[in-house]
Amino acid sequence: MRVVIADDAVLLREGLVRLLTEFGHQVVAAVGDGDALVAAVVEHRPDVSLVDVRMPPTHTDEGLRAAVTARRLVPRTPVLVLSQYVEVSYADDLLATTGGAGGGGIGYLLKDRVAAIDEFLDALARVAAGGTVLDPEVVAQLLVRRRRDDPLAALTPREREVLALMAEGRSNTSIARTLVVSDGAVEKHVRNIFTKLGLSPDPTTHHRRVQAVLTYLHP
């Protein structure tokens, strides 16, 4: 994959460059601020960008804002955001870019997950392929904000479990392994979830999985 990295922490940035290079990926740009990220995405059109939420000058949400801008200028460009802490509002902002003409892969992981190299690289690959990957801690905190008029009331407990794992970006096979059930059982649950949430079965309507996850997460 061709990757852009944006992180103002030089040691982490260079560590990510080395890690990705060792695993056969090409880092086309490694930058330290939001403006440079946007410029790099526009210039290189990478397969995926790896972005720190907090960058100069204020170290609040510049990275996230730059990622949103990059996705507006280069529609559907995949972005995996890394954060030191769970920032629910930031995750919501990123999820919002999957709607309409946005699409494309998105992810939000805590930086601690980078240490689990295989899982981190798998998450990066899934985002590059157009998937949605959310850190389990992000999912947990987003769910605290569940509205009273719960659109998931019709789902069975097992269907909720399946949807929770979908929200983490798990494939059907991974969900089956986690729940110790067959792939066919998971496929049936997923179909039921789509039906109960009123998501169109029209094959030209893409991202039903993302739509289901957004319904699950948004208050």
K.L.:
Run the side chain to side chain contact (heavy atoms under 4.5 Å, CB included) check on T132 and M166 step by step: do they pass?
P.N.:
CA-CA 9 Å; T132 300; M166 287 169 60; over 6 Å; no

K.L.:
Measuring from D135:CG to L110:CG, what's the distance to the nearest 0.5 Å?
P.N.:
4.0 Å

K.L.:
Rounded to the nearest 0.5 Å, what's the gap from CZ on R126 to CG on L121? Could you check?
P.N.:
11.5 Å

K.L.:
Side-chain donor-acceptor contacts of residues 34-51 below 3.5 Å, not counting sequence neighbours, with atom names and distances?
P.N.:
| residue | atom | partner | partner atom | Å |
| --- | --- | --- | --- | --- |
| R45 | NE | V42 | O | 3.1 |
| D47 | OD2 | R2 | N | 2.7 |

K.L.:
Under 4.5 Å between any side-chain heavy atoms of E161 and V181, yes or no?
P.N.:
no

K.L.:
Would you confirm whether T21, through its side chain, and V17, through its main-chain N or O, come within 3.5 Å as a donor-acceptor pair?
P.N.:
yes

K.L.:
To the nearest 0.5 Å, how far apart are NE2 in H189 and CZ in R191?
P.N.:
10.5 Å

K.L.:
Which atom names give the shortest non-hydrogen contact between A70 and T77, and what distance separates them?
P.N.:
O-CG2, 3.8 Å

K.L.:
So which atom in N192 and which in E159 form the shortest heavy-atom distance, rounded to 0.1 Å?
P.N.:
CB-OE2, 3.3 Å

K.L.:
Enumerate the residue pairs fulfilling salt bridge (charged side-chain N to carboxylate O under 4.0 Å, His left out) with a member in residues 19-28, sequence neighbours excluded, ordered by first and then second residue.
P.N.:
R18-E22

K.L.:
Any side-chain heavy atom of V3 sitting closer than 4.5 Å to one from Q26?
P.N.:
no

K.L.:
Once rounded to the nearest 0.5 Å, what's the spacing between atom CG of L163 and atom CD of E168?
P.N.:
11.0 Å

K.L.:
Provide the closest heavy-atom pair for K196 versus A154 in the form atom of the first, atom of the second, distance.
P.N.:
NZ-O, 3.3 Å

K.L.:
Side-chain heavy atoms nearer than 4.5 Å, only ILVMFWY residues, links allowed to pass through others: does that put L20 and V127 together?
P.N.:
yes

K.L.:
Any side-chain heavy atom of R54 within less than 4.5 Å of one from T60?
P.N.:
no

K.L.:
Does L124 share a hydrophobic cluster with V74, counting links as ILVMFWY side-chain heavy atoms below 4.5 Å and allowing steps through other members?
P.N.:
no

K.L.:
Provide the closest heavy-atom pair for G63 versus M55 in the form atom of the first, atom of the second, distance.
P.N.:
CA-CE, 3.5 Å

K.L.:
Identify the two heavy atoms, one from E62 and one from P57, that lie closest to each other, and give their separation to 0.1 Å.
P.N.:
OE2-CD, 3.7 Å

K.L.:
Please say yes or no: joined through hydrophobic side-chain contacts below 4.5 Å, possibly via intermediate residues, are Y108 and F120 part of one cluster?
P.N.:
no

K.L.:
Roughly how far, to the nearest 0.5 Å, is the CD atom of E14 from the CD1 atom of I5?
P.N.:
8.0 Å

K.L.:
Side-chain contact, heavy-atom cut-off 4.5 Å: R13 with L16?
P.N.:
no

K.L.:
Please name the residue in the list D8, L12, V81, D33 that meets the side chain to side chain contact (heavy atoms under 4.5 Å, CB included) test with D52.
P.N.:
D8

K.L.:
Side chain to side chain contact (heavy atoms under 4.5 Å, CB included) with V186: which of N172, T173, L165?
P.N.:
N172

K.L.:
Check for me, please, whether M1 and V4 land in the same ILVMFWY cluster - side-chain distances under 4.5 Å, paths through other members count.
P.N.:
no

K.L.:
Identify whether L19 and V28 are in the same connected component of the hydrophobic contact network (ILVMFWY, side-chain heavy atoms under 4.5 Å).
P.N.:
no

K.L.:
Answer whether the closest heavy-atom distance between the side chains of V133 and D122 falls below 4.5 Å.
P.N.:
no

K.L.:
Under 4.5 Å between any side-chain heavy atoms of R113 and P136, yes or no?
P.N.:
yes

K.L.:
In Å, rounded to the nearest 0.5 Å, how long is the span from CG of D118 to CZ of F23?
P.N.:
6.5 Å

K.L.:
Write down the atom of L109, the atom of L80, and the distance for their closest heavy-atom approach.
P.N.:
CG-CD1, 3.9 Å

K.L.:
Examine distances only and state if a side-chain atom of K111 and a backbone atom of L82 form a donor-acceptor pair shorter than 3.5 Å.
P.N.:
no

